Amino acid sequence: MPSALKRLLRHLALDLSPLRDSRDYRLLFGSGVITMFGTLITMVAVPYQMKQLTDSYLAVGLVSLAEFVPMVVCGLWGGAIADALDRRKIIVMSELGLLVTSAALMLNAMLPSPQIWVLYVVGAVSTGIGSLQRPSLEAVMQQVVRHDQQAAAAVLSSLRWNFGAIVAPALGGLMIASWGVTSAYVLDTLTFLLSMFLLWRVRSLPPAENAAPASIKSLVEGMRYAMSRKDLVGTYLVDMAAMVFAMANALFPFLAEELRAPQALGLLYSASAVGALIASLTGRWTARVRRHGLGVIVAAALWGVAVALTAVAPNIWLIVVCIAFAGAADMISGIFRMTMWNQTIPPELRGRLAGIELLSYASGPMLGNARAGMMAQLGGTRFALGAGGVLCVAAVLSLAAALPKFRRYDATTDEHALAEKARREAATFA
């Protein structure tokens, strides 16, 4: 084999060192694979069930909107408690709460006449609990993974998500078509039981000695820190703009029907993850990138371009290709953002900043799906896709021009990245 090809394959090969070196990361990774599997099946089941019950674009889009306020409130508070309490305890207790919400959806689906309000209320409660848990899951990576392995861990975490996002929606679509939505909720409930078994074995992950108690004051302190760093602000705003203007998963049930391919619903949901999986499997090169801000900008703009192209694709296969390309671009953006966060944010603030991060990467899709439903109500599915993609590109480029510090960020020279690297090295040799 030519040496140039060997070097290329080595650069593209997946870096498994975080899994090899950290037992707790292995347990968290395994738990994430299992619970993500069931959760993504439910993400297909809920909009499908809502469409069956209402046959309304708006009703499906409002599922995401109903989840917005709980996500904001609980995400911020989840960040505060992630810095103040044992993160393992928060993760385990939240997982138990998510198990209960999944069981509630299952019981509702078993009723002779499932209640629409249950989908909204339980969806909101589930999002709130998940938002309490998420900052702890994000912040704990600093405790279980070495500083120099953060980029590799970001790639592996994206791989975990993408594996579930490819297999789960496709399986969910088949399960729903064959046995109804109840089967999807049953499987989701079982995955939470298995996940809790692994999480229970994770060691205690206490807060820093100088951790601030969870309070409004500590939340404000975290927000002030985030706003003082324009590079972090850029990661939040660019991702939010991309998702708000171009996220359109709520349209997939209608798009499949328009294409006369209802059996392809799961494929539409999985396509983005296929592209993201390819990006993850070949993502070792991202560890050599130092201009993370510019990388986020380029990837977010390409995401918008791909969504816009989806609007003019004439058949299901070209639509799947466009969605897959969009997923790959979004995943690269996510890897750069996660690396930037974990390599520059002080550990005593990591949980609160993870709560703010959650607002950016979770609120965007929620608002984006609501936006897509409203635009489709006015102009149809293709109009919502095309206009959203174009608006996304315009918004991302505008933010890039307005945030030069974010655009010019370089991990080899940034003061925060260098300070955190020095702190981690000092702790290692202490």
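Side-chain atoms are counted along with the backbone in the values below, which use heavy atoms only and exclude waters and symmetry mates. Keep in mind that what you see is a predicted model, and the values were worked out from it rather than measured. Sequential numbering from 1 along the given sequence is applied to the chain's residues.
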Flag side-chain contact, heavy atom, 4.5 Å: Val125 against Pro70: no
Closest approach of Ala395 to Ala241 (non-hydrogen atoms, all atoms of both residues): CB-CB, 3.9 Å
Partners passing side-chain hydrogen bond (donor to acceptor under 3.5 Å, both in side chains) against Thr310 (at least two apart in sequence or in another chain): none
Exam field: side chain Ser228 to backbone Tyr225, donor-acceptor pair closer than 3.5 Å: yes
Thr189 and Leu99: CA distance, side-chain angles, deciding distance, side-chain contact (heavy atoms from CB on, under 4.5 Å) verdict: CA-CA 6 Å; Thr189 303; Leu99 167 63; 3.5 Å; yes
Under-4.0 Å salt bridge between Arg337 and Asp239: yes
Beyond-backbone contact of Pro347 with Glu420, side-chain heavy atoms, under 4.5 angstrom: yes
Residue pairs, two or more places apart or on separate chains, that pass side chain to side chain donor-acceptor pair (under 3.5 Å) and touch residues 394-412: Asp410-Thr412
Interatomic distance, Arg88 atom CZ to Met93 atom CE [nearest 0.5 angstrom]: 11.0 Å
Heavy-atom check, side chain of Leu137 versus side chain of Arg134, under 4.5 Å: yes
SB check Glu221 Lys217 (cutoff 4.0 Å): no
Side-chain donor or acceptor of Arg26 paired with backbone N/O of Leu19 under 3.5 Å: yes
Contact summary for Ser136 and Ile91, nearest pair of heavy atoms: CB-CG1, 3.9 Å
Ion pair Glu357/Arg352, N-O distance below 4.0 Å: no
Residues in ring-ring contact (aromatic ring centres under 6.0 Å, His included) contact with Tyr120, at least two apart in sequence or another chain: none
Full working for side-chain contact (heavy atoms from CB on, under 4.5 Å) between Asp83 and Glu348: CA-CA 6 Å; Asp83 282 338; Glu348 65 273 14; over 6 Å; no
side-chain contact (heavy atoms from CB on, under 4.5 Å) between Ile323 and Phe252, worked out: CA-CA 11 Å; Ile323 295 174; Phe252 287 172; 3.9 Å; yes
Cys392 to Gly304 - nearest heavy-atom pair and separation: SG-CA, 3.6 Å
Atom CE of Met227 with >12 non-hydrogen neighbours under 6.0 angstrom: yes
Closest heavy-atom pair and its distance - Asn369, Asn249: OD1-N, 2.9 Å
With Thr381 via side-chain contact (heavy atoms from CB on, under 4.5 Å) - residues at least two apart: Tyr57, Leu251, Phe254, Leu255, Glu258, Leu385
Which residues share a side-chain contact (heavy atoms from CB on, under 4.5 Å) with Thr42, sequence neighbours left out: Val46, Leu105, Tyr185, Asp188
Those residues that, when tested against Arg371, pass salt bridge (Lys or Arg N to Asp or Glu O under 4.0 Å) (two or more places apart): none
Straight-line distance of Phe29 CZ to Leu16 CG, nearest 0.5 Å: 8.5 Å
Minimal non-hydrogen separation, Ala226 against Leu232, with atom names: O-CB, 4.3 Å
Between Arg229 and Thr344: side-chain donor-acceptor atoms closer than 3.5 Å: yes
Residue pair Met106 / Thr182: nearest heavy atoms and the distance that separates them: O-CG2, 4.3 Å
Donor-acceptor contact present, side-chain Ser102 to main-chain Leu98, <3.5 Å: no
Distance-only donor-acceptor check, side chains Ser195 and Ser31, under 3.5 Å: yes
Leu119 vs Gln49 side-chain heavy atoms within contact, under 4.5 Å: yes
Validation row: Met243, Asp330 side chains within 4.5 angstrom (heavy atoms): yes
Interatomic spacing from CE in Met340 to CZ in Arg290 - rounded to 0.5 Å: 13.5 Å
Exam field: side chain Asp231 to backbone Gly293, donor-acceptor pair closer than 3.5 Å: no
Thr235 side, atom OG1; Phe336 side, atom CZ - distance, nearest 0.5 Å: 13.5 Å
Ser22 (side chain) donor-acceptor with Pro18 (main chain) under 3.5 angstrom: no
Nearest-0.5 Å distance, CE of residue Met71 to OG of residue Ser131: 6.0 Å
Flag, side chain of Trp303 to backbone of Gly327, donor-acceptor distance under 3.5 Å: no
Parallel, tilted or perpendicular: rings of Tyr236 and Trp341 (30°, 60°): tilted
Residue pair Gln343, Lys421: steps toward the side-chain contact (heavy atoms from CB on, under 4.5 Å) verdict: CA-CA 7 Å; Gln343 287 188 343; Lys421 181 179 180 181; over 6 Å; no
Side chain proximity check, Val144 to Met141, heavy atoms < 4.5 angstrom: yes
From Ile319 atom CD1 to Leu309 atom CG, the distance as rounded to the nearest 0.5 Å: 11.5 Å
Side-chain heavy atoms of Val307 within contact of Phe245, under 4.5 Å: no
Note, Ile34 side chain near Phe192 side chain (heavy atom, < 4.5 Å): no
